[in-house]
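Comments concern the structure below.
A, B, ... follow the sequence lines: proteins, then strands. Residue 1 opens every chain. Just so you know, these numbers use all the heavy atoms, side chains as well, and skip hydrogens, waters and symmetry mates.
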Protein chains: 2
Amino acid sequence: MKRGSAPTMKDVAREAGVALGTVSKVFNNGSVGEEYRQRVLEAAKRLGYQVNSYARGLKTNRTYAVAVVLPNIINPFFSVLAQNLCQALTKRGYRMFLSITDFDPEAEQRYIHMAQQNQVDGIIGLTYNPDLQVADKVPFVSFDRYVSPDVPCVASDNFGGGQLAAKKLVELGCKRLLFLRIGSTVAGESDKRRDGFEAFCRGMGVEHDTLYLRDSDGYGPFRDFLQAHIHQGRLDYDGIFCCTDVLTLEIQKMLSELEVHVPQDVQLIGFDGTAIHMGREPDCSTIVQPIPLLAETCVDILLKEDKSDLPSLICLPVSYAPGGTTRDGA
Amino acid sequence: MKRGSAPTMKDVAREAGVALGTVSKVFNNGSVGEEYRQRVLEAAKRLGYQVNSYARGLKTNRTYAVAVVLPNIINPFFSVLAQNLCQALTKRGYRMFLSITDFDPEAEQRYIHMAQQNQVDGIIGLTYNPDLQVADKVPFVSFDRYVSPDVPCVASDNFGGGQLAAKKLVELGCKRLLFLRIGSTVAGESDKRRDGFEAFCRGMGVEHDTLYLRDSDGYGPFRDFLQAHIHQGRLDYDGIFCCTDVLTLEIQKMLSELEVHVPQDVQLIGFDGTAIHMGREPDCSTIVQPIPLLAETCVDILLKEDKSDLPSLICLPVSYAPGGTTRDGA
DNA sequence: TTGTAAGCGTTATCAC
DNA sequence: GTGATAACGCTTACAA
């Protein structure tokens, strides 16, 4: 053993007085005589030996590492997702190598490239690059976004969630509904929240409007819209479905400034339910995404050996949770 | 090139009609004739070649990967820290491999082991295992916790922060102060928040009390304590320093239920200021930890070539930010 | 400047 | 069941 550098299998073999191959077998659950196995294990412990996973990876082409590419982990939804992905991977003996893109399409592409170069066993990505190039050499699962026909996409049942939100509001007595959304210009699964909402309203003949903003617009237009729809102190709408919980809180704040009372004058339902997965009470009444299940599903699909019959879209069920912004007691 | 598997340098060499070593030099900025370089680059592009970093790592013993070990990334402080660490590492050409311990000392030890086995170039850990074993083979930087004499620890100036909080409250007119803390039983740098607070109060002759809970106690005792210290509708204290912003919000909620008004009747200062690093308004008046700087510092120290003159504790400066729970306008 | 060849620490294939 | 030996894809002397 060269001084200063870590011990290798060779060192262990010499220390234990066995052949190199025998040591390898011990660390790979091969069949080895019990006496030899003990000798090897003891020698390894004496030397403080650890398998060099890079050498192993070079040989086996499996690295037990998965790259996760996310816009950030500051947004609670992303951080809870990241945490659940990490745990799901760990449970299966994989390590998570995390990249933060800050919504930059070029960074997304760069990280995907890097990940491939680093021989990861797979990539899970939540990306906004409409023409993302992903080599089909390494398995890829996309979260909430369609990438290409052979890239499976995992998402919540956004359409169903939109329907559910509208249905709940109607059940809670609302007569005139509003859908509020702010987000990326890039098309994604979550756009279907609106589709589901409108489908339900149309189907039931419920009056409804929609305000659809892009991130760059900021919240200002929401305030203007709400203000313009207050007549004699009353808001024209008695039920609002917001595309995220974060937006719901923001709208609630605006309404409070406009002296419209939640949930007496108007009831609010958001989307995500992240707080629930953080062990907290929900911040608002909301459609809950099954984040732990989403994470497990991403990982399962990614690591599935048989890539032949991959579905191209997997929608997971959402649920409703009251949280103070509707008139169904928490 | 064997069909189905990725192209290697050998394939590129053959395709370009040059020797293997030449290809290697091209990808390592060695000196290669311009004509050869072009030939190699083109051949590489044609084949879609990417350097296999595992093979490279095996040879060079540098993997450009750093393990980050955190209790979770759901707590906003940790998630902002993780994000900043990730960015600091990326900036320097390193990848972040994240482990979530959920405060489990055994998991901490396990991940440290794993990280070493995976030949990372270093480990940054925020751990609660009082007798963590970390091989001195791989560089380790500890966040907020003393591990051993030769493991550098990076933390905010918690003592100074405690003093600053007390000083601010006194400047804002408080006469009788209270320090509230809940946290781990494991000793850490953040315990010094109390020390600094008390040192200031003693030095200035300010009346003060302290309530020091462990996580397992829950928030209940705080409520009892506050209730017991309300006489004729007035709280005995007019200034409270809470050990985190999360606790501050919790206390604020309790006080509101007890009909004590913040900041009129009592002023609150928290610790962390995480919201500021998320681009939000602070949730409460607070002592702000310089999270981006903390992350940069961890990474700088970890990757420092010359390990000879490592300080054992690096304290970074904190600052005060008003946020509505004190009587200095936001 | 370019090519050759010897490893890096494993795993895997064989003879034994 | 055990032990040589040849890869794996790359870097790096060293020779040409």
Side-chain angles (χ1 to χ4, degrees), chain A residues 1-41 43-44 47-65 116-121 137-138, chain B residues 1-41 43-44 47-65 116-121 137-138:
Chain A
M1 167 179 175
K2 273 183 298 199
R3 275 181 47 70
S5 78
T8 77
M9 275 197 178
K10 221 183 207 162
D11 300 314
V12 175
R14 190 176 322 123
E15 174 84 12
V18 304
L20 179 58
T22 309
V23 180
S24 175
K25 271 180 208 147
V26 169
F27 286 103
N28 289 282
N29 301 316
S31 51
V32 177
E34 195 45 39
E35 193 205 339
Y36 278 75
R37 158 167 267 113
Q38 284 311 320
R39 283 233 300 276
V40 168
L41 255 22
L47 264 40
Y49 170 76
Q50 303 200 165
V51 177
N52 180 326
S53 61
Y54 272 65
R56 172 181 279 171
L58 179 57
K59 222 21 213 178
T60 60
N61 270 321
R62 310 201 84 236
T63 60
Y64 293 94
Q116 286 167 178
Q117 174 151 347
N118 287 299
Q119 322 296 123
V120 294
D121 288 344
K137 187 186 67 180
V138 28
Chain B
M1 167 177 176
K2 272 182 299 200
R3 277 183 46 72
S5 77
T8 77
M9 275 196 178
K10 221 184 207 161
D11 300 312
V12 176
R14 188 175 326 121
E15 175 83 11
V18 303
L20 178 60
T22 309
V23 180
S24 174
K25 273 178 206 145
V26 169
F27 287 104
N28 289 283
N29 299 316
S31 49
V32 176
E34 194 46 38
E35 193 205 339
Y36 277 74
R37 157 167 270 113
Q38 284 311 321
R39 283 231 301 275
V40 169
L41 255 23
L47 265 41
Y49 170 76
Q50 303 201 163
V51 177
N52 179 327
S53 62
Y54 271 65
R56 172 182 277 173
L58 180 57
K59 212 38 203 168
T60 59
N61 270 321
R62 309 201 84 233
T63 60
Y64 293 94
Q116 287 166 176
Q117 174 153 344
N118 286 298
Q119 323 298 121
V120 294
D121 288 344
K137 186 185 69 182
V138 28

Could you go over nucleotides 11-13 of chain D and give all protein N or O partners under 3.5 Å, atom names and distances?
residue: D/dT11; atom: OP1; partner: B/N28; partner atom: OD1; Å: 3.4
residue: D/dT11; atom: OP1; partner: B/N28; partner atom: ND2; Å: 3.4
residue: D/dT11; atom: OP1; partner: B/R56; partner atom: NE; Å: 2.5
residue: D/dT11; atom: OP1; partner: B/R56; partner atom: NH2; Å: 3.0
residue: D/dT11; atom: OP2; partner: B/S24; partner atom: OG; Å: 3.0
residue: D/dT11; atom: OP2; partner: B/N28; partner atom: ND2; Å: 3.2

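Between A/N52 atom CG and D/dG9 atom P there is a gap of 16 Å when expressed in whole angstrom units. Distance, A/Q119 CD to C/dT10 P: 18 Å, rounded to whole Å. Taking atom CD of B/Q50 as the reference point, atom C1' of D/dC10 lies 15 Å away to the nearest angstrom. Summarising the geometry, the separation between NZ on B/K10 and P on C/dT4 is reported as 13 Å, rounded to the nearest angstrom. Across the protein-nucleic acid pair, A/N61 atom CG and D/dC8 atom P stand 10 Å apart, rounded to whole Å. If you take CG of A/D11 and C1' of C/dG9, they are 10 Å apart, rounded to a whole angstrom.
Dashed line: the shortest gap from a side-chain N or O of A/T22 to OP1 or OP2 of D/dT2 is not under 4.0 Å.
As judged by a 4.0 angstrom heavy-atom cut-off over every strand, B/E34 is placed among residues making no nucleic acid contact.
In this structure, OG1 on B/T22 lies 10.5 Å from CE on B/M9, to the nearest 0.5 angstrom. Note that NZ of B/K25 and OH of B/Y36 are 11.5 Å apart. Values are rounded to the nearest 0.5 Å.
By the 4.5 Å heavy-atom criterion applied to side chains, A/V40 and A/V18 are counted as neighbours.
The nucleotide whose nearest atom lies closest to any side-chain atom of A/Y36 is, among D/dT2, C/dG9, C/dC8, D/dT2.
Under the 3.5 Å distance criterion, the side-chain polar atoms of B/T63 are matched with a main-chain donor or acceptor of B/Q119. Between the side chain of B/N52 and the backbone N or O of B/Y54, at least one donor-acceptor pair lies under 3.5 Å. Distance alone, capped at 3.5 Å, places no donor-acceptor pair between the B/D121 side chain and the B/R62 backbone.
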